[in-house]
Amino acid sequence: MTTAVLTRLEQYYDAAPRVGGARAEDFGPLTLFVREGAGWPYYARPALGARAASVGDVQRVLARQRELDVPQSFEWVAETSPWLQATVEAAGLHVHTHPLMVLEPSAVRPPLHPDVRLLGADDPLLRAAVAVAGLAFATPGTATGEAGPAELATAIADPLTEARRAQVSERLASGRTALAAAVCEGVVLASGQYNPVGDTAEVVGVGTLPAARRQGLGLGVTSALVADALSRGTSTVFLSADDDDVARIYSRLGFRRVATALIAEPAA
């Protein structure tokens, strides 16, 4: 079963950037996805069916990423492409690992959090939901942090947040993503998204305002995203957790670890 799931995820990883507006550049055993237009940049990954790549292959992709002025980044699944880690490390990249988790079909669904709801493309809270995610990932981990409503207000006013809101709004309107947010007394405290491709969906970008952590809001957002994805006919829901501590939290919703997602980037 795990092999079948990993095959499904590999197909998703190859299709999602294309659906999301990227062009694919062929480097033999590697594919570089390049976003067309505004939005988050993509990455390089193994081509479907690839079995090996050389340091030279990796270096050619890195040179192209530098030429395009996009992040020098590779993403892949360790169990599907075990040959790539040593190659990218030999090319000078640093590899970090993340638990790759898939929702068990038989998992019991918890009651939805009363403060969590889905946001549409024109929702007035969408800009705040985008800002919350930025603040959350600027302070990684699960510990309570300092950034709170004041920092959120500043982030909402940032013109870059408006640009990101417009990008997310377009994706929501086209059905290429769905977004849920925890809203308490009119303030967005957590948000997250899922991106569907066919009958598979990846939960991404779940983050909580650091000052509001450890209240179950991120889990509530994830639960709402899962419920919506399943209601739309999705059969496979998956995500990559930041670390083992975060993975244990997602396991409460019925996610189980099936593999390890790897990201390679230049050392800081």
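Along the sequence shown, residues are numbered consecutively beginning with 1. We use all heavy atoms of the structure for the numbers below, so side chains are in, but hydrogens, waters and symmetry mates are not.
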Are Arg117 and Asp123 within salt-bridge range, i.e. N to O under 4.0 Å? yes
With a 4.5 Å cut-off on side-chain heavy-atom distances among I, L, V, M, F, W and Y, is there a chain of contacts connecting Leu230 to Leu239? yes
Looking at Arg51, I want to see if its CZ is surrounded by more than 12 non-hydrogen atoms of other residues, nucleotides or ligands under 6.0 Å. no
Following the transitive rule for hydrophobic clusters with a side-chain heavy-atom cut-off under 4.5 Å over Ile, Leu, Val, Met, Phe, Trp and Tyr, establish whether Leu84 and Ile263 coincide in one cluster. no
Over all atoms of both residues, closest heavy-atom pair of Trp83 and Pro29: CH2-O, 4.4 Å
Parallel, tilted or perpendicular for His96 and His94, by the 30°/60° rule? parallel
For the atom pair CZ (Phe33) and CD (Glu25), what is the distance rounded to the nearest 0.5 Å? 11.0 Å
Can you find a side-chain donor-acceptor pair between Ser54 and Asp57 that sits under 3.5 Å? yes
No-hydrogen, no-angle side-chain donor-acceptor test under 3.5 Å, Thr234 and Arg232: no
Give a yes or no on whether Leu30 and Tyr43 share a hydrophobic cluster (residues Ile, Leu, Val, Met, Phe, Trp, Tyr; joining criterion: side-chain heavy atoms under 4.5 Å apart). no
Sequence neighbours excluded, which residues qualify as side-chain contact (heavy atoms from CB on, under 4.5 Å) partners of Arg35? Tyr42
With side chains defined as the heavy atoms from C-beta onward, is the minimum distance between Leu179 and Val168 less than 4.5 Å? yes
Short question: side chain of Arg256, backbone of Gly254 - any donor-acceptor pair under 3.5 Å? no
Check whether any side-chain heavy atom of Glu10 sits under 4.5 Å from a side-chain heavy atom of Leu48, and report yes or no. yes
OH of Tyr250 to CG of Asp245, rounded to nearest 0.5 Å, is 12.5 Å
Taking all atoms of both residues into account, what is the closest heavy-atom pair of Gly20 and Arg171, and its distance? CA-NH1, 4.0 Å
With clusters defined by side-chain heavy atoms of hydrophobic residues (ILVMFWY) lying less than 4.5 Å apart, directly or transitively, does Leu103 cluster with Tyr194? yes
Do Phe255 and Phe238 have ring centres separated by under 6.0 Å? no
Heavy atoms, side chains only, cut-off 4.5 Å: are Val34 and Leu68 in contact? yes
d(Glu202 CD, Thr200 OG1) to nearest 0.5 Å is 10.5 Å
Shortest non-hydrogen contact from Leu172 toward Ala178: CD2-CA, 3.7 Å
Minimum side-chain heavy-atom gap Leu100-Val77 below 4.5 Å: yes
Grab the two heavy atoms, one from Tyr12 and one from Pro17, that are nearest each other, plus how far apart they are. O-CD, 4.4 Å
Side chain to side chain, Leu32 and Phe27, heavy atoms closer than 4.5 Å: yes
Contact summary for Arg213 and Pro140, nearest pair of heavy atoms: NH1-O, 4.1 Å
Glu170 and Arg165: CA distance, side-chain angles, deciding distance, salt bridge (Lys or Arg N to Asp or Glu O under 4.0 Å) verdict: CA-CA 9 Å; Glu170 187 276 328; Arg165 182 213 62 80; over 6 Å; no
Under the criterion side chain to side chain contact (heavy atoms under 4.5 Å, CB included), I'd like the reasoning laid out for Leu9 against Thr236: C-alpha separation, chi angles, the key distance, then a yes or no. CA-CA 9 Å; Leu9 297 190; Thr236 302; 4.2 Å; yes
Please determine whether salt bridge (Lys or Arg N to Asp or Glu O under 4.0 Å) holds for the pair Arg8 and Asp199, giving the CA-CA distance in whole Å, both sets of side-chain angles, and the decisive distance to 0.1 Å. CA-CA 10 Å; Arg8 179 184 290 264; Asp199 62 356; 2.8 Å; yes
Are Trp76 and Val70 in one and the same hydrophobic cluster, where Ile, Leu, Val, Met, Phe, Trp and Tyr link if side-chain heavy atoms are under 4.5 Å apart? yes
Taking Arg248 first and then Asp244, would you say they form a salt bridge - that is, a charged N and a carboxylate O separated by under 4.0 Å? no
Are Arg45 and Glu75 ion-paired here, with the side-chain N under 4.0 Å from a carboxylate O? no
Just so I know, are the side chains of Val102 and Val237 near enough to count as touching, which here means a heavy-atom distance under 4.5 Å? no
Lys/Arg N to Asp/Glu carboxylate O, Glu162 vs Arg164, below 4.0 Å: no
Can you confirm whether Asp115 sits close enough to Val183 that some side-chain heavy atom of one is under 4.5 Å from a side-chain heavy atom of the other? no
Grab the two heavy atoms, one from Arg214 and one from Thr142, that are nearest each other, plus how far apart they are. NE-O, 3.5 Å
Is the number of heavy atoms from other residues, nucleotides or ligands under 6.0 Å of Glu36 CD greater than 12? yes
Considering only heavy atoms from C-beta outward, does the side chain of Val221 approach that of Leu225 to under 4.5 Å? yes
